[in-house]
Number of protein chains: 2
Amino acid sequence: MTKTANKTRRAQPKEVRKEQLIRATIKCVAKHGLSGITVALVTREAGLSMGIANLHFESKEKLLLETLQSVTDEYAAGQTSILESADFPSTGAKIEALLAFDFSPAVIDKNKLAVWFGFLGEARSRPTYQRICSRQDSMAEESIAALFRLALDEAGDRVADADLLAAGYIALIDGLWLNALVDPRRLPWDKARSAARHYLASAFPKHIALAR
Amino acid sequence: MTKTANKTRRAQPKEVRKEQLIRATIKCVAKHGLSGITVALVTREAGLSMGIANLHFESKEKLLLETLQSVTDEYAAGQTSILESADFPSTGAKIEALLAFDFSPAVIDKNKLAVWFGFLGEARSRPTYQRICSRQDSMAEESIAALFRLALDEAGDRVADADLLAAGYIALIDGLWLNALVDPRRLPWDKARSAARHYLASAFPKHIALAR
DNA sequence: GCAACAAATGAATGACCGTTCATTCATTTC
DNA sequence: GAAATGAATGAACGGTCATTCATTTGTTGC
């Protein structure tokens, strides 16, 4: 269970412990849900003592918030590095990369997605969760809409609405993740990825091919 | 707060009270989230005494389960009545009705959606929640795929995959609901509906028009 | 109008859990 | 190697909450 079965208690810098506790929290939220999580569960998962959570984070609530932030930051970093890169040979390649990223192993990790949807499910009643989740999405929407606008321009498409396509893409990805997470037998990850590709292929037929 | 400020305590048949408590639970889950809900909150919302929840439902957990079931049943009933009806003048009209239903006031009710996503967010760690949520979706997917297959046949389309389109549609609707619920300023309901129409219009150009 | 019954109440109970803090112990400093 | 430092521990505390049940109150049958 515990990674290192150290007999002796080793002091570690604050940052190392915080990271360790956040990783344990992600696992526990995935296993027990947001409403089933307890400090004892998390600290046991981390192989540490109960009091450690309040020592490094001020409270359980702060630990949960930093965990959510950590998951969204990681996603945002990966996504931004694609959207802000100038190294892609074409607009199509950039859209292609976005799709590949959204279904890459680090992103469709069950534990991280469980954290994301666990907090989203409570977001309406917790302003702080809501702020973290929707700041993530609104920054993304802006850049994705710009990328889509560029693709439409290149294709000479004057009717399609890039904003609408971007909002639809983000929602579709969220929905596919959620469906595949909750019941992977009904919606296997490959099928989810195909559905997303389908969406992009019909919006940008000159850039994205149906099959891959 | 309480609907009827009755002075006198009135005995009511079991079914009436259960309905009343389920309605109060929906409101409370929306207001406080699944992890913030308490029996005291629910019974106060219903204007009844604490003990009533355990009198009519065996436990808090059973009350929550019946609440989830009630929300999904209501949705399933409305959806099934469209999908199984033979009264539509055309396949396009039936698809159009499905879309209208998915954004009708009774369906995009904030409280009911909050219940749906609250439970979905915990579904991975609660097999019972998972079973209720995904049974709903898999019955729907079957019928929607059949409808889409019919539309593709009518259009002479031999390449598109009706199963994939149905899975995508369900996921898209889930994602749009979730995004509009969490941050309606970023994704207003009108825009969400337009995004869904866009999806259908590009899959079934001979049946669904872009604008409405 | 009076039993007999059923519905509803809410104070009491006990389990669970977040937080605290006196204590332990590894590490550093001189 | 002794003293100082601060990371880590976990038993104890107090608050919250689901559940129980003795009691009250409305309803039904006669």
Just jot down the side-chain hydrogen bond (donor to acceptor under 3.5 Å, both in side chains) partners of [X], sequence neighbours excluded, or say none.
X: Glu61(A); answer: Tyr129(A)
X: Glu142(B); answer: none
X: Thr43(A); answer: none
X: Ser70(B); answer: none

(request) Ignoring backbone atoms, establish whether His56(B) has a side-chain N or O less than 4.0 Å from OP1 or OP2 of dA8(C). (result) yes

(message) Closest approach to the side chain of Thr38(A), judged atom by atom: which nucleotide of dA8(C), dG18(C), dT20(D) is it?
(response) dG18(C)

(message) Under 4.0 Å between a side-chain nitrogen and a carboxylate oxygen: does that hold for Arg23(A) and Glu45(A)?
(response) no

(message) Listing request: all salt bridge (charged side-chain N to carboxylate O under 4.0 Å, His left out) pairs with a residue in residues 64-73 of chain B, at least two apart in sequence or in separate chains.
(response) Lys18(B)-Glu66(B)

Quick one: [X] [atom1] to [N] [atom2], roughly how many Å, whole number?
X: Gln12(B); N: dA7(C); atom1: CD; atom2: P; value: 11 Å
X: Ile37(A); N: dC17(C); atom1: CD1; atom2: C1'; value: 13 Å
X: Leu41(B); N: dT16(D); atom1: CG; atom2: P; value: 13 Å
X: Arg44(A); N: dC16(C); atom1: CZ; atom2: C1'; value: 13 Å
X: Leu55(A); N: dA22(C); atom1: CG; atom2: C1'; value: 14 Å

(request) Apply ring-ring contact (aromatic ring centres under 6.0 Å, His included) to Tyr199(B) and list each qualifying residue two or more places apart in sequence or on a separate chain. (result) none

(message) My understanding is that only residues two or more places apart in sequence, or in another chain, count here; which of them pass ring-ring contact (aromatic ring centres under 6.0 Å, His included) with Phe101(B)?
(response) Tyr75(B)

(message) Expected output is a numbered-order residue list: members of residues 57-65 of chain B with a heavy atom under 4.0 Å from any atom of DNA chain D. What is it?
(response) Ser59(B), Lys60(B)

Hey, what are the protein-to-nucleotides 10-13 of chain C N/O distances that come in under 3.5 Å?
unit_1	atom_1	unit_2	atom_2	d
dG10(C)	N7	Gly51(B)	N	3.3

